[in-house]
Visitor: 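The structure under discussion is supplied below as structure tokens; questions concerning it will follow.
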Amino acid sequence: MTTCGCAHHTPPRVLENVTVVANDRVAQGVGLVTFDSPRIARDIQPGQFVHLRIAQGVDYLLRRPFSIYRAHAGRLEILYQVVGRGTRDLALATPGTEMDMVGPLGCGWRIADSTTHALLVSGGLGAAPLGMLAEELAERGIAVTVAMGAPCGERLVGRDLFERVARRVEIATDDGSCGTAGFVTGVCGEMVAEGGYDAVYTCGPEPMQRIVAAQAAEAEVACQVSLERLMACGIGVCLSCVVETKCGLRRACVDGPVFYAKEVVWDSAHDVTCER
Amino acid sequence: MNVNVDMSVNIGGLSLRAPLLTASGTFGSAREFSELIDLNRLGAVVTKGVSLEPWEGNPAPRIAETSSGMLNSIGLQNAGVESFCVNDLAWLESEAPQVPVIVNVSGHTVEEYVAVIDRLEWEPFIAGYEVNISCPNVDAGGMAFGTSCASAAEVTRACRGSTERPLIVKLSPNVTDIAGIATAVEAEGADAVSLINTLLGMAIDVGTFRPKLARGVGGLSGPAIKPVAVRMVWQVARAVTIPVIGMGGIMTAEDAIEFMLAGATAVAVGTANFVDPTSTVRIVDGMAEFCHARGIERVADLTGAVLA
């Protein structure tokens, strides 16, 4: 029997009280919040996520799942887009604000020992789980190339980090205000076709990930995707965040959020961003 | 914690060390919580609903957040009773042998409920059953059985015929007279009733004009439903002599105490497990502290103690 999603060992999950250290706007509608979170920052792997309780005593209850952009020196950096009440409250959090998070959660990016050159494809806030991966790959001596896209130059996220660790960064914007005009999938398609990559990692709007997955499949390069789903528990019990895979329904929170693209049964019902 | 309060309660012959259970469907089969809490602190684990064959559940989106609550339409996705016994039950028996396990049983037909129990009767490590006649998210079975006295009685009678283990029937709030249903299942030999399951609800995205749940409607849970649940526990506790397990929006020890005062012998914690995975033990501790601070020696003394 084949399995889809995570099989390898993940670090134990904990509930940790965390403190906001910094919280700044880094692009149009996008913030970067840094938490003092020694325990989770020590254990979390690239592509894993945390489940953050942003506020208490409010009339929305659920935690919000966030990818980790960077983890270093006991701190976690999270890129977020203001899309609903939870993220609006997060944007207003000042340094010193206390919250709690459950983590590390989920199954992150897999890095094969044989990987020599990885292509990372980021669409909009897709940089959120890719920053930590780019740093990890570079640290292991694996060459990193990045294709990143956004609606416009003001909404490009993660460029500094990618330019620091990648040997090449290609940019596409819908309006042409930065880099090539058009979707990142155009740039990415040409790069994948040129060859030379033995792994593709992508995160962004689901239609974009679907196209990148097809391009990688065409070039016969293994592709991993990080999927977003509405989530309640984050630890595998509520079955809210199911992803249809070739081996049946899998939970984004424990079997993902990272999946091999070839496992995923793509469904346009998930093309909208979760409004949280 | 050094508070001298007797926290034990008895549910239909089943002795529990604490008056707190997990609400079915919010705790899996406990394994996922074992890193975060000491399962031995719980009165019992009530498992996710188990059916005869694997069920796929409903399309996503399956949840929507609403004011002080959430809607879900999971649809009882589960891998079936055989997988449950081999994987979940085996894990519980080996890793949490001291914790009573109550298996929540689901079916599309009366025969399916009975078949699930018949299979589970072969497993020694089961403390009792909770019969789910109240899920609002499946087309056949589920809530359909729990909304008339006759069908609720029929399912209870059939399940009773298959087991001598404690049999709890979980009731739906989507009825006119929940006390009447409770009386009907008591007459057929139920050892206890648990209530409430979720309230049927709906939310619509005004941006897209579409329901927020793929299935359209779903079950509302969380603090939003607590006053309805407390009222129903109060009504049922006055109508039956069997124990009542109260649930619906319990987030704090004070919420749990409120259900006990209304007539519950024990409580169950559900949606709070998603918000704070340590909710169950925090609430048990808070209930003991509450009793200690007021000189209440037995938590069971709270049951039905609401002043008229």
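All of these numbers come straight from a predicted model, not from anything done at the bench. Chain letters run A, B, ... following the sequence lines, proteins first, then strands; residues in each count from 1. As a basis for the values below, the full set of heavy atoms in this structure was taken, side chains included, without hydrogen atoms, waters or symmetry mates.
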Visitor: Does a donor on one side chain sit under 3.5 Å from an acceptor on the other, for S134(B) and N132(B)?
Guide: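 Yes - a donor-acceptor pair under 3.5 Å links their side chains.
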Visitor: Regarding E130(B) and S194(B), do their side chains bring together a donor and an acceptor under 3.5 Å, going by distance alone?
Guide: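 The answer is yes; a qualifying pair exists.
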Visitor: Does any backbone or side-chain atom of V102(A) lie under 4.5 Å from a heavy atom of chain B? Answer side chain, backbone, both or neither.
Guide: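 For V102(A), the contact with chain B is made by the side chain alone.
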Visitor: Among side-chain atoms of S221(B) and T198(B), is any donor-acceptor pair under 3.5 angstrom?
Guide: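 On atom types as modelled, these side chains do not qualify, holding no pair under 3.5 Å.
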Visitor: Under a 4.5 Å heavy-atom cut-off, does chain B meet the side chain of R13(A), its backbone, both or neither?
Guide: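 Contact with chain B is through both the backbone and side chain of R13(A).
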Visitor: When the side chains of residues 30-41 of chain A are checked against the rest of the protein, which donor-acceptor pairs come out under 3.5 Å, sequence neighbours left out?
Guide:
unit_1	atom_1	unit_2	atom_2	d
S37(A)	OG	E16(A)	OE1	2.6

Visitor: Relative to the ring of W55(B), is the ring of H108(B) parallel (under 30°), tilted (30 to 60°) or perpendicular (over 60°)?
Guide: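 The arrangement is parallel - the two ring planes meet at less than 30°.
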Visitor: Which residues from residues 23-31 of chain B are near chain A, with near meaning under 4.5 Å between non-hydrogen atoms?
Guide: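 From residues 23-31 of chain B, the residues near chain A are G25(B), T26(B), F27(B), G28(B).
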Visitor: Using a 4.5 angstrom heavy-atom cutoff, name the option from K48(B), E56(B), E32(B) with the most pairs to chain A.
Guide: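 Among K48(B), E56(B), E32(B), the one with the most close pairs to chain A is E32(B).
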Visitor: Between chain A and each of M70(B), Q77(B), M251(B), count heavy-atom pairs under 4.5 Å; write down the option with the most.
Guide: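 Highest number of pairs under 4.5 Å: Q77(B).
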Visitor: For a side-chain contact (heavy atoms from CB on, under 4.5 Å) check, start with the C-alpha distance between V121(A) and Y201(A), then their side-chain angles and the critical distance, and finish with the verdict.
Guide: CA-CA 6 Å; V121(A) 187; Y201(A) 298 92; over 6 Å; no
Visitor: side-chain contact (heavy atoms from CB on, under 4.5 Å), that's the test. Do R85(A) and D59(A) meet it? Break it down for me.
Guide: CA-CA 10 Å; R85(A) 291 185 56 197; D59(A) 81 343; 2.6 Å; yes
Visitor: Counting heavy-atom pairs under 4.5 Å with chain B, which one of I235(A), L15(A), V14(A), L61(A) comes out on top?
Guide: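 When all of I235(A), L15(A), V14(A), L61(A) are compared, L61(A) has the most.
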Visitor: Is it the side chain or the backbone of S73(B) that comes within 4.5 Å of chain A heavy atoms, both, or neither?
Guide: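 The answer is neither part of S73(B).
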Visitor: Do other residues, nucleotides or ligands put more than 12 heavy atoms under 6.0 Å from F290(B) CZ?
Guide: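 It does: F290(B) CZ has more than 12 such atoms within range.
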Visitor: One thing to verify: whether K212(B) and E65(B) come together as a salt bridge, which I'm taking to mean a side-chain N less than 4.0 angstrom from a carboxylate O.
Guide: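 K212(B) and E65(B): not salt-bridged.
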Visitor: Please flag which part of N58(B) lies under 4.5 Å from any non-hydrogen atom of chain A: side chain, backbone, both or neither.
Guide: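 When you check distances to chain A, no heavy atom of N58(B) falls under 4.5 Å.
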